[in-house]
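For reference, the structure is listed below as structure tokens.
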There are 2 protein chains.
Amino acid sequence: MDKQHIYKKFEDALKAEKIKLTPQRQAIFTNIMDSDEHRECDDIYNSLVQDDITVSKATIYRTLDILVKYDLIRKLVIGDGKAKYEPKIGKPHHDHMICIETGKIIEFDNDEIERLQEEEAKKRGYKIIKHVHQLFVKPIKDAKDI
Amino acid sequence: MDKQHIYKKFEDALKAEKIKLTPQRQAIFTNIMDSDEHRECDDIYNSLVQDDITVSKATIYRTLDILVKYDLIRKLVIGDGKAKYEPKIGKPHHDHMICIETGKIIEFDNDEIERLQEEEAKKRGYKIIKHVHQLFVKPIKDAKDI
DNA sequence: GTTTCTGCAAAGCCTTTGCATATCG
DNA sequence: CGATATGCAAAGGCTTTGCAGAAAC
């Protein structure tokens, strides 16, 4: 999906929600889409301020909720209870591996795991709406670690 | 593992940490061990108060940290950022399925998923220290839902 | 022109912390 | 007895909210 198409989805979401296209909402959306990181509200705020965009954290939080609702971005809560956000639309599905030594976030995806978890849910009469799969990992340093 | 053995692990943890065995710590530990639910600090607090045990939330939080550190209980953060706790020692490993309609928490376990995720980590030079795997599900109501 | 937004500051909520008193070993 | 724990209340940190002025359609 190209950038224009993605931006169109954003406009559609605003229309569906019957809300206005403001400079702040636009700036927040493109700021997230142009990033490949997993950032907190604060990070996004600082990034916008650095770009000389006038915006408040209140507006960012309010906008993030809308973007999550329309599946344009993904909200992650990793361990410490602080919410992180990443682009979702136009990106393939993936889960996360978090290095507990460096904090580095690595994306991974495994079709067989996806299938098996679907099966576990179905077995119990449920279907999966969304899932959280995070591996907290440490680098393997030598043989005894394996 | 029987109750006495589990309680022994608790005493060992206190000794390892060189901290005292107080009525509060004991009450908090057994309260969690006797429950099969996934409860918040507040729930545990209310349960203890109902049993006429004098304890403060500060002490509960402080004790929970110790119990988590020694792998006697497990801390879960599900969606809303509120921490939940469940017994861990003496219980087989499992992950969680959360019904988004009723809030019901269902435990599941799948060896193959465990193996595959281990493989994903190893492939990248990491080993898993812990993991979070939560499926947010909805009941299947009819054929079109499948 | 209205309706909807924004920014600000205040309030909320869960969790942590400082401190004086009480308790364990 | 000395060291550690507890409870209280206050402080912290992220997030949400009420409200008056500002902006979109």
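Protein chains get the first letters and strands the later ones, always in sequence-line order, with residue 1 at the start of each.
- Between A:Glu40 atom CD and D:dT15 atom C1' there is a gap of 12 Å when expressed in whole angstrom units.
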Would you check, one step at a time, whether the test salt bridge (Lys or Arg N to Asp or Glu O under 4.0 Å) holds for B:Glu120 with B:Arg124?
-> CA-CA 7 Å; B:Glu120 289 291 338; B:Arg124 292 168 177 80; 2.9 Å; yes
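- Considering only heavy atoms from C-beta on, B:Gln24 stays 4.5 Å or farther from B:Ile53 through its side chain.
- Screening A:Ile73, A:Thr22, A:Val55 for a side-chain contact (heavy atoms from CB on, under 4.5 Å) involving A:Ile28 leaves a single residue, A:Val55.
- Using modelled atom types, one finds a donor on one side chain and an acceptor on the other under 3.5 Å when comparing A:His131 with A:Gln117.
- The distance between atom NZ of A:Lys82 and atom P of D:dT15, rounded to the nearest whole Å, is 8 Å.
- Atom CG in B:Asp42 sits roughly 14 Å away from atom C1' in C:dG12 (whole-Å rounding).
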For side-chain contact (heavy atoms from CB on, under 4.5 Å), just list the numbers for A:Lys3 and A:Met33, CA-CA rounded to whole Å, side-chain angles, deciding distance to a tenth of an Å, and then say yes or no.
-> CA-CA 9 Å; A:Lys3 273 201 171 187; A:Met33 286 303 147; over 6 Å; no
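- Geometrically, B:Lys75 does not engage B:Tyr85 in a cation-pi contact defined by less than 6.0 Å to the ring centre and at most 45° from the axis.
- An OP1 or OP2 oxygen of D:dC8 is reached within less than 4.0 angstrom by no side-chain nitrogen or oxygen of B:Ser56.
- If you take CG of B:Leu67 and C1' of D:dA5, they are 15 Å apart, rounded to a whole angstrom.
- When side chains are defined from C-beta on, B:Ile89 does not count as touching B:Asp71, because their heavy atoms never get closer than 4.5 Å.
- If one axis is set at each end of the helix from C:dG1-D:dC25 to C:dG25-D:dC1 from five pairs, those axes are 30° apart, to 10°.
- Near DNA chain D, meaning a heavy atom under 4.0 Å away, the residues from residues 5-25 of chain B are B:Ile19, B:Lys20, B:Thr22, B:Gln24, B:Arg25.
- Between B:Asp42 and B:Lys82 there is no salt bridge, since no side-chain nitrogen of the basic residue lies less than 4.0 Å from a carboxylate oxygen of the acidic one.
- Rounding to whole angstrom units, CD1 of residue A:Ile60 and P of D:dC14 are separated by 14 Å.
- The CG atom of B:Leu64 sits 11 Å away from the C1' atom of C:dT15 (whole-angstrom rounding).
- A straight line from NZ of A:Lys57 to C1' of C:dC5 spans 20 Å, rounded to a whole angstrom.
- The aromatic rings of A:Phe10 and A:Phe29 lie parallel to each other, their planes meeting at an angle below 30°, with 60° marking the opposite boundary.
- Put simply, OH on B:Tyr61 is 13 Å from P on C:dC13, counting in whole angstrom units.
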